[in-house]
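First up is the structure itself, then whatever we jot down about it.
Just so we're clear, the structure is a prediction, and the values are computed from it rather than from any experiment.
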Amino acid sequence: MRNLWIFISKYNNFFLFILFFSTSVALIVKNNGFQQASALNSSNTVIGGIYQKIDNFTQYLNLKQTNKDLSEENAYLRSQLKSSVYSKLIEQDSVLDTLGQTQYTYIVARVINNSIHQKNNYLTINRGSEEGISKGMGVISSHGIVGIVLNVSQHFATIQSLLHADTRVSASLTNSNAFGSLVWGTENADSRKAILKDIPNHVKVRTGEEVVTSGYSLFPPGISIGRVIKTGKSGDSFLDIEVKLNNDFNTLQYVYVINDQFASEKQQLERDTIVTNE
């Protein structure tokens with residue numbers, strides 16, 4: 001305590017100056033409108049800047065939840081797309097009644113493991129049978145096709161990536177509607193390129209033409225896969241078309257697992273048809 005009093009008495013002139021200066025500024029601001037407005041504006045600027053920095057930091061901390069919310073919203077919006085609705089057209093006495101029933105719904109999942117440099121690549125997601133996921137479901141992201149559900153546990157599922165030697169997806173060219181099989185070009189192991197096969201060589205293909213899902217496989221029609229970057233002949237009858245994929249598998253975080261409400265019915269009918277024709 002004695003040292004404190006010694007310090008104050010030693011620098012008493014300085015403390016008195018601070019006291020008188022602060023009192024003078026307060027009186028000037030209080031009794032003069034212009035100075036009062038200037039002081040308020042300055043303090044608002046400082047405080048506003050502090051609040052902005054706090055808000056930016058808070059938003060950064062909430063990015064994970066924001067991404068999750070956006071993914072869930074995207075899943076809902078996808079289920080409302082025309083391509084996700086099974087249309088029933090009922091014509092009676094020249095009166096057309098159009099009814100719609102949702103065919104595709106989407107389950108949001110987060111990627112928790114991923115590989116892109118192997119010959120056969122897989123992903124793991126944090127959703128499983130408890131959330132309605134089953135083997136054989138298609139998986140997409142906001143940019144295109146990801147793969148097919150391979151194995152499922154209660155809380156997790158593994159995905160056979162599009163970057164897998166055995167993955168084949170029915171895809172079509174937007175200009176001609178010609179369809180073929182999209183496979184990964186494992187010979188160059190480029191995670192951003194695939195090959196569209198079985199397109200007849202009389203089809204005119206343009207560089208930059210969009211490649212989309214045909215609707216003949218697990219995926220709804222019209223989902224953008226990528227764009228043509230090069231064409232070449234495969235034998236005498238078909239083309240090999242090199243496609244630049246929209247998806248960057250190296251940065252995948254959230255995916256959508258497609259639940260086709262009519263998948264079981266369609267598969268059973270196709271199995272019965274094969275048995276009947278044998």
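Note that the CZ atom of R192 and the CG atom of N246 stand 7.5 Å from one another [nearest 0.5 Å]. One distance of note links CG of D260 with CD of Q103; it measures 4.5 Å at 0.5 Å rounding. A distance of 9.5 Å separates CG of L163 from CG of D190, quoted to the nearest 0.5 Å. Atoms CD and OG, from Q118 and S161 in turn, are 11.5 Å apart once rounded to the nearest 0.5 Å. Rounded to the nearest 0.5 angstrom, N247 CG and I116 CD1 are separated by 11.5 Å. Note that CD1 of I241 is 4.5 Å distant from CG of L196, once rounded to the nearest 0.5 Å.
Residues V203 and I225 share a single hydrophobic cluster, defined by chaining ILVMFWY side chains whose heavy atoms lie under 4.5 Å apart. Residues V108 and V152 share a hydrophobic cluster, clusters being chains of Ile/Leu/Val/Met/Phe/Trp/Tyr side chains in contact below 4.5 Å. Under a hydrophobic clustering in which Ile, Leu, Val, Met, Phe, Trp and Tyr are joined whenever their side-chain heavy atoms come within less than 4.5 Å, directly or via other members, V212 and V228 fall into different clusters.
A side-chain donor from one of E130 and Q154 sits under 3.5 Å from a side-chain acceptor of the other.
The hydrophobic cluster containing I229, built from Ile/Leu/Val/Met/Phe/Trp/Tyr side-chain heavy atoms closer than 4.5 Å, comprises no other residue. Grouped by direct or indirect side-chain proximity (heavy atoms under 4.5 Å, Ile/Leu/Val/Met/Phe/Trp/Tyr only), Y216 sits with F179.
At least one donor-acceptor pair closer than 3.5 Å links the side chain of E131 to the backbone N or O of G128. With N120 contributing its side chain and A165 its backbone, the two residues share a donor-acceptor pair below 3.5 Å. Checked by atom type and distance alone, the side chain of T213 pairs as donor or acceptor with a backbone atom of I223 at under 3.5 Å.
The two residues F219 and I145 come nearest to each other via the heavy atoms CZ-CG2, 3.8 Å. For W184 against K119, the heavy-atom pair with the smallest separation is CZ3-O, 3.3 Å. In terms of heavy-atom proximity, S141 sits nearest to L252 at CB-CD2, 3.8 Å. Between A157 and V149, the shortest heavy-atom distance links the atoms CB-CG1, 4.4 Å. In terms of heavy-atom proximity, V169 sits nearest to S217 at CG1-OG, 4.3 Å. In this structure, V146 and F249 approach most closely via the heavy-atom pair O-CE2, 3.5 Å.
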Test side chain to side chain contact (heavy atoms under 4.5 Å, CB included) applied to I133 and I107, step by step: CA-CA 8 Å; I133 293 178; I107 303 166; 3.9 Å; yes
Test log, rule side chain to side chain contact (heavy atoms under 4.5 Å, CB included), inputs I140 and I258: CA-CA 8 Å; I140 62 175; I258 303 170; 3.8 Å; yes
Side chain to side chain contact (heavy atoms under 4.5 Å, CB included) between E209 and T207, intermediate numbers included: CA-CA 6 Å; E209 184 174 353; T207 302; over 6 Å; no
Side chain to side chain contact (heavy atoms under 4.5 Å, CB included) evaluation trace for D240 with K197: CA-CA 5 Å; D240 272 355; K197 294 180 174 291; 3.5 Å; yes
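Applying the side-chain hydrogen bond (donor to acceptor under 3.5 Å, both in side chains) test to N113 and every residue at least two apart in sequence or in another chain returns nothing. Residues that satisfy the salt bridge (Lys or Arg N to Asp or Glu O under 4.0 Å) test with E270, not counting sequence neighbours, are K266. The side-chain hydrogen bond (donor to acceptor under 3.5 Å, both in side chains) test applied to S115 returns N121, not counting sequence neighbours. When the ring pair (Phe, Tyr, Trp, His ring centres under 6.0 Å) test is applied to Y122, the partners found at least two apart in sequence or on another chain are H164. Listed by chain and residue number, R168, D198 satisfy the side chain to side chain contact (heavy atoms under 4.5 Å, CB included) test with S181 (two or more places apart in sequence, or in another chain). With sequence neighbours excluded, no residue forms a side-chain hydrogen bond (donor to acceptor under 3.5 Å, both in side chains) with N114. The side chain to side chain contact (heavy atoms under 4.5 Å, CB included) test applied to A194 returns L182, L245, not counting sequence neighbours. With sequence neighbours left out, Q160 forms a side-chain hydrogen bond (donor to acceptor under 3.5 Å, both in side chains) with T167. Applying the salt bridge (Lys or Arg N to Asp or Glu O under 4.0 Å) test to K244 and every residue at least two apart in sequence or in another chain returns nothing.
A salt bridge is defined here as a Lys NZ or Arg NE, NH1 or NH2 lying under 4.0 Å from an Asp or Glu carboxylate O, and E242 with K193 meets this definition.
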Using a 3.5 Å cut-off and no angle test, enumerate the donor-acceptor pairs between side-chain atoms of residues 170-177 and protein atoms at least two apart in sequence or in another chain.
| unit_1 | atom_1 | unit_2 | atom_2 | d |
| --- | --- | --- | --- | --- |
| S170 | OG | S214 | OG | 2.5 |
| T174 | OG1 | E210 | O | 3.2 |
| S176 | OG | A178 | N | 3.3 |

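Between R227 and V211 there is no side-chain heavy-atom pair separated by less than 4.5 Å. When side chains are defined from C-beta on, F238 does not count as touching N201, because their heavy atoms never get closer than 4.5 Å. Counting only heavy atoms from C-beta outward, the side chains of I125 and I159 approach each other to under 4.5 Å. You'll find the side chain of I148 reaches within 4.5 Å of the side chain of L218, heavy atoms only. T251 has its side chain out of reach of Q253: every pair of non-hydrogen atoms, C-beta onward, lies at least 4.5 Å apart.
Crowding of Q268 atom CD: a count of heavy atoms from other residues, nucleotides or ligands under 6.0 Å exceeding 12.
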